[in-house]
Number of protein chains: 2
Amino acid sequence: MSQRSSTRLLVPPLPHTLSPAQQDRRQRIITASLALLRHQDHTQIQMRDVAIEAEVAIGTVYRYFQSKDHLFAEALALWARDLRRSVERRPLRGATNASRLSDVLQRSMRAFQAWPQLAKVVMMLEASDDTFAREIFTRNSAANLAVYAEALRDLPADVVVEVVRVAAAVFDLQLRRWAVGVQSIAEAYDRIERASRLILEFSDAGAATPAGVATPAGAAKTAGAAKTAGAAKATGPARNGRKPTGGSDARTS
Amino acid sequence: MSQRSSTRLLVPPLPHTLSPAQQDRRQRIITASLALLRHQDHTQIQMRDVAIEAEVAIGTVYRYFQSKDHLFAEALALWARDLRRSVERRPLRGATNASRLSDVLQRSMRAFQAWPQLAKVVMMLEASDDTFAREIFTRNSAANLAVYAEALRDLPADVVVEVVRVAAAVFDLQLRRWAVGVQSIAEAYDRIERASRLILEFSDAGAATPAGVATPAGAAKTAGAAKTAGAAKATGPARNGRKPTGGSDARTS
DNA sequence: GAGGAGATGAGAACGTGATCTAGTATTGTG
DNA sequence: CACAATACTAGATCACGTTCTCATCTCCTC
């Protein structure tokens, strides 16, 4: 949390309980934060900046959002919802589970590549203590798992669950390493492909996988694949209208 | 970083360039932060508290450490170095790569279980912008990879690299989910075991692995394994004196 | 021993997330 | 329409990481 121990008694209202004018005001604040995020990291955006951009008082920002973390969690969620529509227009590529999994992960990575400031927001939210921010972030993460699962076919449900968990872990780590500058975006793509193959090696053994785990030629091919992966991070509801898996995780906290 | 844009010209000196009195003072600050971390989260520890505990002025704390993040990165590193000695006294358990990998990961998890505040420190450091903190944290992460690699036998070097990267990603995610309360410690152990088996399924197919990927009995066994895993997170130099793998990653930033 | 350079101490000051205050505007109810 | 309740505004204030200031101490050199 922040510098002043929390004594505020009024919690942010649930969005659906707001009047139309309030919903508009709340949304304006979120879009203002995204607009500012286009030009600078969240660490450089002050809440007073957001208030000015949204044309509300600073107290109004805190009326709707518990904290800066909470606000940026909603901003990330808004971005993710918008991106769902675009990713639904592009079917996953690949003849094997590994290649399709790699494809969806690399699309997600590519979306962040286009807006690196959001990667830093993810980092922040992963470490956030704010319970409102955490809820929103957890829902997003669960939606990610559902989308990753759609890349997998002909596997038992329990195996799918495990695979997408490992895949999500890999993605998080690669995103982080890129976001903090420890590795290049090309390396991130490469590692995603390699890990996808490793994780699903048992399931794709019978498929026509031309490259092994660690061939230099494979690395070059990966860079090419990254170029052709055009969609964004798929974080929305499953395409069949299924509930996001893991959604109950957020409810237990 | 923090509330005041950084204008300080004097960077923290490298520890080995300090006089004996200064090294003692610096170390006192680090141990003071660890002592305070025994009773509260790092978010509740103020730098003035650390200064008082270490019996130095607040300016002296900032003489040796760039930021609060930097200080707690060194505190974590000190803890990790101490724990190397204890993990070196216990050979890894298991007849297969998956079981040995699971063992070392679960030992690491157990060390955090004994001191949960440190898990929150890891979360913070993963998102930290402070370059000094980042360097120390990156070195630690690289040392982790080296230790995980020692659990793997009879695998090509490039496969080992890939496996330990995925394993580290899984560990990070499980640690985080437990630290923020999204899952229990038992679940974290369980997921570590499952992921280890999944990742290494291709290599352990010929070994005598009695449990499948998702048996309830396996889950119960995992809890037992956690009880017997007594050592801490092995983060130090490789036992054979080998250089930590991935160490060059930190040098490139 | 004297003097200078560097380090440390004590505490003030700065900056930004977050909370509070007093006045004004809007909405809901009788 | 009048009044009460609620919401918003503008800006002051608080808290803690961080930086700065001035006085004092320690160490080194001549």
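Letters A, B, ... mirror the listed sequences (proteins, then strands); counts begin at 1.
When rounded to the nearest whole Å, the span between CZ of B:Arg26 and C1' of C:dT8 equals 17 Å. We find that CD1 of B:Ile29 is positioned 13 Å from C1' of C:dA7, with the value rounded to whole Å. The distance from atom NE2 of B:His70 to atom C1' of D:dT18 is 15 Å, rounded to the nearest whole Å. The nearest whole Å value for the distance from the CZ atom in B:Phe65 to the P atom in C:dT8 is 12 Å. Atom C1' of nucleotide D:dT18 and atom CG of B:Asp130 are separated by 12 Å, given to the nearest angstrom. Remark: P of D:dT9 and CZ of A:Arg48 are 17 Å apart, rounded to the nearest angstrom. As a whole-Å value, the separation of B:Leu18 CG from C:dG6 P is 16 Å. The interatomic distance linking A:Gln46 (CD) with C:dC14 (C1') rounds to 12 Å, in whole Å.
Contact annotation: B:Thr60 reaches the phosphate of C:dG9 (side-chain N/O to OP1 or OP2, under 4.0 Å). One finds a side-chain N or O of A:Arg63 lying less than 4.0 angstrom from the OP1 or OP2 phosphate oxygen of D:dC8. An OP1 or OP2 oxygen of D:dG17 is reached within less than 4.0 angstrom by no side-chain nitrogen or oxygen of B:Gln66. At the phosphate of C:dA18, OP1 or OP2 sits under 4.0 Å from a side-chain N or O atom of A:Tyr62. Here A:Tyr64 does not reach the OP1 or OP2 of D:dA7: none of its side-chain N or O atoms lies under 4.0 Å away. One finds a side-chain N or O of B:Gln22 lying less than 4.0 angstrom from the OP1 or OP2 phosphate oxygen of C:dT8.
Using a 4.0 Å heavy-atom cutoff across all strands shown, B:Glu55 reaches sugar-phosphate atoms only and no base atom. Among the atoms of the strands shown, only primed sugar atoms or phosphate atoms (P, OP1, OP2) are found under 4.0 Å from some heavy atom of B:Ile45.
Judged by distance alone, the side chain of A:Lys68 and the main-chain N or O of A:Gln46 form no donor-acceptor pair under 3.5 Å.
Here the side chain of B:Ala57 is nearest to one of D:dC8, D:dT9, C:dA10, namely C:dA10. Nearest nucleotide to the B:Arg8 side chain, out of D:dT9, D:dG17, D:dC20: D:dC20. Of the listed nucleotides (D:dT18, D:dC8, C:dG9), C:dG9 has the atom at the smallest distance from the side chain of B:Val56. Listed nucleotides D:dG11, D:dC16, C:dG17 differ in distance to A:Ile58; the shortest reach to its side chain belongs to D:dG11. Among the nucleotides C:dG17, C:dA7, D:dC16, the one closest to any side-chain atom of B:Arg25 is C:dA7.
The residue among A:Ala21 and A:Gly59 whose nearest nucleotide of DNA chain C is located toward the 5' end is A:Gly59.
In this structure, B:Arg176 does not pair ionically with B:Asp172, as no charged nitrogen and carboxylate oxygen lie closer than 4.0 Å. Ion pairing between a basic and an acidic side chain is recognised when a charged N comes within 4.0 Å of a carboxylate O; A:Glu74 and A:Arg26 show such pairing. Contact check on A:Asp69 versus A:Arg134 returns no salt bridge, with no Lys/Arg side-chain nitrogen under 4.0 Å from an Asp/Glu carboxylate oxygen.
When each of A:Trp79, A:Trp178, A:Tyr189 is paired with A:Phe112, the ring-ring contact (aromatic ring centres under 6.0 Å, His included) condition holds for A:Trp79 and for no other.
Shown here is A:Glu55, whose CD atom has no more than 12 heavy atoms of other residues, nucleotides or ligands within 6.0 Å.
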